[in-house]
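One structure is given here, and the rest of the page talks about it.
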Amino acid sequence: MSSSLGTNKQGLCVEICGEDKEALMEAEKWIRHTLLHSQERLTIQNNHIYYFGQKEHDDLCRIQHNYKVSLKETVKDGEASLKITGTPQKVIKTVLAVEKLCCEVQEEYAMAEENEMLQSLVQWRRADMPALAETEITGSVERAYLSRKTSPVIVINGQNVKVSFNFGQQSATAMTDHGKAYNFERKWKYRCCALHIGICKNLVYFCSLHLYVTLFLQ
């Protein structure tokens, strides 16, 4: 399934493809109101702007300086927006840069939510490695286990650790950069029969998280 958008004054033509009709329509609407519409003022309405931290605001300052535009961030009635003012060409470049920031923040938020879900269901543990119980590390190890990765590298206590899974026994052997090996095991916090996680991305950096879980077997 595809959709073709007409040209603007600069002769730009855009064709978008995908399987989701609704996503195509949203993408087309977004492109028509940004890339194909020359304007000196444009407002991005995206609630992920609300979660911008120091890093993102530093990036906004850099974007503002590089593209010579004016940025005004507003949070009102639970909605966040960013008003961009400048030459049409610079405004478009700024929009793309800001949308990329929003995508990165959205992915971080989705990852944190997924890590919390995983930690509430399963735990990788070893008595002398309390760091394994940390939400982010549990999420990293469990995602690698579910995807059946053969030798993923995971950061634990600031060290790169190469992990080899024993899927039959639900355990793993880890090897540090210094050659130290140790074992840890996978334990369910609830009795479960299935867990599958998938993250999908479509045009304009939108993400969705699908979680299928069967819990509480009697």
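Under a hydrophobic clustering in which Ile, Leu, Val, Met, Phe, Trp and Tyr are joined whenever their side-chain heavy atoms come within less than 4.5 Å, directly or via other members, L132 and V153 fall into different clusters. Connection of V155 to L118 is not established within any shared hydrophobic cluster, with ILVMFWY side chains joined at heavy-atom distances below 4.5 Å, either directly or through further cluster members. Both L96 and I31 are members of a single hydrophobic cluster when ILVMFWY side chains are connected at heavy-atom separations under 4.5 Å.
Side-chain contact between L82 and T43 is absent, with no heavy-atom pair separated by less than 4.5 Å. D59 has its side chain within reach of K55: a pair of non-hydrogen atoms, C-beta onward, lies under 4.5 Å apart. With a 4.5 Å cut-off on side-chain heavy atoms, Y182 and T176 count as touching. The side-chain heavy atoms of E142 and E114, taken from C-beta on, include no pair separated by under 4.5 Å. With contacts defined as side-chain heavy-atom distances shorter than 4.5 Å, the pair Q39/P88 does not qualify. Side-chain atoms of Q64 and T94, non-hydrogen and from C-beta on, never get closer than 4.5 Å to each other. At least one side-chain heavy atom of V141 sits under 4.5 Å from a side-chain heavy atom of F184. For the pair E99 and N46, the minimum side-chain heavy-atom distance is below 4.5 Å.
Here the closest non-hydrogen pair linking Q119 and E134 is NE2-C, 3.7 Å. In this structure, P152 and K149 approach most closely via the heavy-atom pair CD-O, 3.8 Å. Between C17 and L24 the shortest heavy-atom distance is C-CD2, 3.7 Å. Minimum interatomic distance between V91 and L42 (heavy atoms only, all atoms of both residues): CG1-CB, 3.9 Å. A80 and V75 get closest at one heavy-atom pair: CB-CG2, 4.2 Å. The two residues N115 and R143 have their closest heavy-atom pair at OD1-NH1, 2.8 Å.
Judged by distance alone, the side chain of S120 and the main-chain N or O of M117 form a donor-acceptor pair under 3.5 Å. Checked by atom type and distance alone, the side chain of T85 never pairs as donor or acceptor with a backbone atom of V69 at under 3.5 Å. Here the side chain of E104 pairs no donor or acceptor atom with the backbone of L101 at under 3.5 angstrom.
Here the straight-line distance linking atom NZ of K90 with atom CG of N66 works out to 9.0 Å at 0.5 Å rounding. We find the OG1-CG distance between T138 and L121 to be 11.0 Å, quoted to the nearest 0.5 Å. Note that the CD atom of E116 and the OG1 atom of T135 stand 6.0 Å from one another [nearest 0.5 Å]. Here the straight-line distance linking atom CD of Q123 with atom CD of E185 works out to 9.5 Å at 0.5 Å rounding. In this structure, CD1 in I44 is found 6.0 Å from CD1 in I49, a value given to the nearest 0.5 Å. The NE2 atom of H48 sits 10.5 Å away from atom CD of E108, with the distance rounded to the nearest 0.5 Å.
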Next on the checklist: I'd like to know whether V95 forms a side chain to side chain contact (heavy atoms under 4.5 Å, CB included) with W30, so could you lay out the CA-CA distance, the side-chain angles of the two residues, the decisive distance to 0.1 Å, and finally the verdict.
Outcome noted: CA-CA 11 Å; V95 168; W30 184 86; 4.1 Å; yes
Next on the checklist: E56 vs L60, test: side chain to side chain contact (heavy atoms under 4.5 Å, CB included). Steps then yes/no.
Outcome noted: CA-CA 6 Å; E56 287 74 29; L60 287 179; 5.6 Å; no
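Within a 6.0 Å sphere centred on NZ of K76, heavy atoms belonging to other residues, nucleotides or ligands number 12 at most.
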Anything under 3.5 Å between a donor and an acceptor, one on a side chain of residues 160-173, the other on a protein residue two or more places apart or in another chain? List them.
| unit_1 | atom_1 | unit_2 | atom_2 | d |
| --- | --- | --- | --- | --- |
| N166 | OD1 | G168 | N | 3.3 |
| N166 | OD1 | Q169 | N | 3.2 |
| Q170 | OE1 | R186 | NH1 | 2.6 |
| T173 | OG1 | N183 | OD1 | 2.8 |

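For the residue pair Q54/D58, the side-chain donor-acceptor check at 3.5 Å is satisfied.
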